[in-house]
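Below: one structure, written as structure tokens.
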Amino acid sequence: MTASQSTGHVLVVGASMAGLRAAEQLRAAGWTGAITLVGDEPHMPYNRPPLSKEVLAGTAPFASLAFRPRPAVADAAWLLGRRAVTARLSERTVVLDDGTSLSYDGLVVATGMRPRRLTCPGPLPGRHTVRTLDDAQGLREALTRPGARVVVVGAGFIGCEVAATAVALGVREVTVVDPLPLPMTGPLGPLLGRALLRRHEARGVRFALGTGVAGFTGEDRVTGVELSDGRVLAADVVVESVGSVANTEWLDGNGLDLTDGVRTDALLRAGGRPEVVAVGDVARFPNARYDGAPRRVEHWSIPGDTAKQAARTLVAHLHGTGEEPAPFAPLPTFWSDQHDFRLQSFGAPSYGADDVRVLDGTPDGDGDLVVGYHHDGLLVGVVALGGPGAASAAARHRPALLARPAVTA
């Protein structure tokens, strides 16, 4: 079957960035049949990284976040404000929350993640997460109330970004709580964790590290955070940034591995079904560039990378060409803007690095710092901390990261 003979229907469940990129890449791969996108938010796809920064700061209206779909998907159907509740993969149907049943020839799973919530005792009002536009707008209103005292639970990417934005807004007290001894030590390790801690503290952020949250005080709304070490932090606003949960419940009962997202093969096919692929941060896939262990990757580059691979895989099946793309081997990248500095990463610093070295700068100062992560003597990741010069220095290592697999399977 040629591209001009595409018939049938591809259903994309998830209408965020990953879903949009999947639809666009389906067209780029030669699919000319029908495409329908289903999304539980009422908004068209938009860029999420600014939510914890520019949107909270009030410098980015929604119009500046919305992606402009490519002309190739102008004929796609959008069902927004609708949620998939059940999939019957053997029947090739998906049922929505309003009872609508949609049939498909190809299915793209792009339902992404939702914030994990703390289950500690205490009131819910005053507790926020940052995942959607509505989340960010509600949190901004809370942060801009005079005299607000903010406790951020979780010293990862979102937690550190929210803390930095809150300080810039003039919030009088901003405290970050985390059971680990340093911020962002999980993905970046202690060397950069210590450097980040110094920089945040120098800019007014307080930290309560090595302790968790035992509960929340207050009657109708939060007034404080009880820590597991016995301390109580006064708080008018609490931001929970304690990880994510994959939106996969609608896929239950179909024999898929949904342990942490949707487990796929190296071509992003789910459960051995050639007509079902997964994209974005809900996909748990093996990366042929590294050790082949299946992982989810919540970086901004992954929706586009997975969409291209999954579209090629799905269209090859639907067209019956018998040709399969090469195994998926993306180079993960991310950045994080905090205060007046940026973290820029290329590669996979958290994939079992056994040797972490300073490549440029000094970790003890406030200047640019570039750190290299190695495994078995091979460079697997580079992270820069600082200004544009640091990011440029890290980018110079990108060809070496792309030149060969960093870890043999």
Side-chain angles (χ1 to χ4, degrees), residues 8-16 18-19 22-23 25-26 29 31 33-40 79 82-114 116 243-288 291-298 302-303 305-307 309-325 327-328 330 409:
H9 177 220
V10 173
L11 177 61
V12 181
V13 181
S16 190
Q25 290 299 326
L26 284 165
W31 179 252
I35 299 175
T36 300
L37 296 98
V38 176
D40 59 357
L79 300 179
R82 313 275 281 280
R83 181 171 55 88
V85 295
T86 305
R88 303 187 183 103
L89 301 188
S90 60
E91 301 173 17
R92 298 193 181 188
T93 60
V94 171
V95 179
L96 306 185
D97 53 0
D98 62 357
T100 301
S101 181
L102 301 175
S103 61
Y104 62 83
D105 298 282
L107 175 66
V108 180
V109 178
T111 40
M113 315 297 293
R114 64 182 182 274
R116 188 182 301 279
S244 303
V245 179
N247 294 316
T248 58
E249 291 84 356
W250 63 284
L251 291 165
D252 285 344
N254 288 284
L256 302 180
D257 180 350
L258 305 177
T259 305
D260 177 24
V262 179
R263 170 73 162 92
T264 76
D265 64 12
L267 300 181
L268 298 181
R269 297 173 297 204
R273 293 180 174 272
E275 78 282 2
V276 181
V277 293
V279 299
D281 49 15
V282 76
R284 182 162 55 95
F285 60 88
N287 190 328
D291 57 6
R295 296 180 177 89
R296 287 191 309 99
V297 183
E298 296 185 41
I302 289 300
D305 291 340
T306 53
Q309 176 78 21
R312 291 171 178 171
T313 297
L314 187 56
V315 171
H317 166 70
L318 295 175
H319 283 173
T321 63
E323 298 178 3
E324 291 190 347
F328 193 38

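Atoms considered below: every heavy atom in the structure, side chains included; atoms not considered: hydrogens, waters and symmetry mates. Fair warning: this is a prediction, and the values are worked out from it, not measured in the lab.
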By side-chain hydrogen bond (donor to acceptor under 3.5 Å, both in side chains), which residues pair with Arg295, not counting sequence neighbours? Asp291

Thr86 OG1 to Glu249 CD distance, which is reported to the nearest 0.5 Å: 11.5 Å

Locate the shortest heavy-atom distance separating Ala87 from Leu251; write the atom from each residue and the value. CB-CD2, 3.9 Å

Is any side-chain heavy atom of Asp281 closer than 4.5 Å to one of Ile302? no

Show the atom names and distances, to 0.1 Å, of all donor-acceptor pairs under 3.5 Å that link a side chain in residues 98-108 to residues at least two apart or in another chain.
| unit_1 | atom_1 | unit_2 | atom_2 | d |
| --- | --- | --- | --- | --- |
| Asp98 | OD1 | Thr100 | N | 3.0 |
| Asp98 | OD1 | Thr100 | OG1 | 2.9 |
| Asp98 | OD2 | Arg82 | NE | 2.8 |
| Asp98 | OD2 | Arg82 | NH2 | 2.6 |
| Asp98 | OD2 | Thr100 | OG1 | 3.3 |
| Thr100 | OG1 | Arg82 | NH2 | 3.4 |
| Asp105 | OD2 | His9 | N | 2.7 |

Between Val279 and Ala22, what is the shortest heavy-atom contact and its length? CG2-CB, 4.4 Å

Separation between CG (Leu318) and CH2 (Trp31), nearest 0.5 Å, reads 5.0 Å

I'd like to check Asn247 versus Val282 (side-chain heavy atoms, cut-off strictly below 4.5 Å). Are they in contact? no

Minimum heavy-atom distance Leu258-Thr248, with the two atoms named: CD1-O, 3.7 Å

CG (Leu256) and CZ (Arg273) are apart, to the nearest 0.5 Å, by 7.0 Å

To the nearest 0.5 Å, what is the distance between CD (Gln25) and CZ (Arg312)? 7.0 Å

Can you tell if the side chain of Thr264 reaches within under 4.5 Å of the side chain of Val277, non-hydrogen atoms only? no

What heavy-atom pair brings Pro274 and Gly272 nearest, and what distance separates the two atoms? CD-O, 3.4 Å

Arg284 meets the side chain to side chain contact (heavy atoms under 4.5 Å, CB included) criterion, sequence neighbours left out, with Asp257, Thr259, Asp260, Arg263, Pro294, Arg296

CG of Leu79 to CG of Leu96: how many Å apart, nearest 0.5 Å? 6.5 Å

Shortest non-hydrogen contact from Leu268 toward Phe328: CD2-CD2, 4.1 Å

Just wondering, do Trp250 and Val95 contact through their side chains at under 4.5 Å, heavy atoms? no

Could you list the residues that satisfy side chain to side chain contact (heavy atoms under 4.5 Å, CB included) with Ser16, not counting sequence neighbours? Arg48

Taking atom CG of Asn287 and atom CG of Asp305, what is their separation to the nearest 0.5 Å? 9.5 Å

What pair of heavy atoms forms the shortest contact from Gly39 to Ala15, and how long is it? CA-CB, 3.6 Å

Name all residues meeting the side chain to side chain contact (heavy atoms under 4.5 Å, CB included) criterion together with Val245; count only those two or more places apart in sequence or in a different chain, and write none if there are none. Arg114, Arg116

My understanding is that only residues two or more places apart in sequence, or in another chain, count here; which of them pass side chain to side chain contact (heavy atoms under 4.5 Å, CB included) with Asp40? Arg83

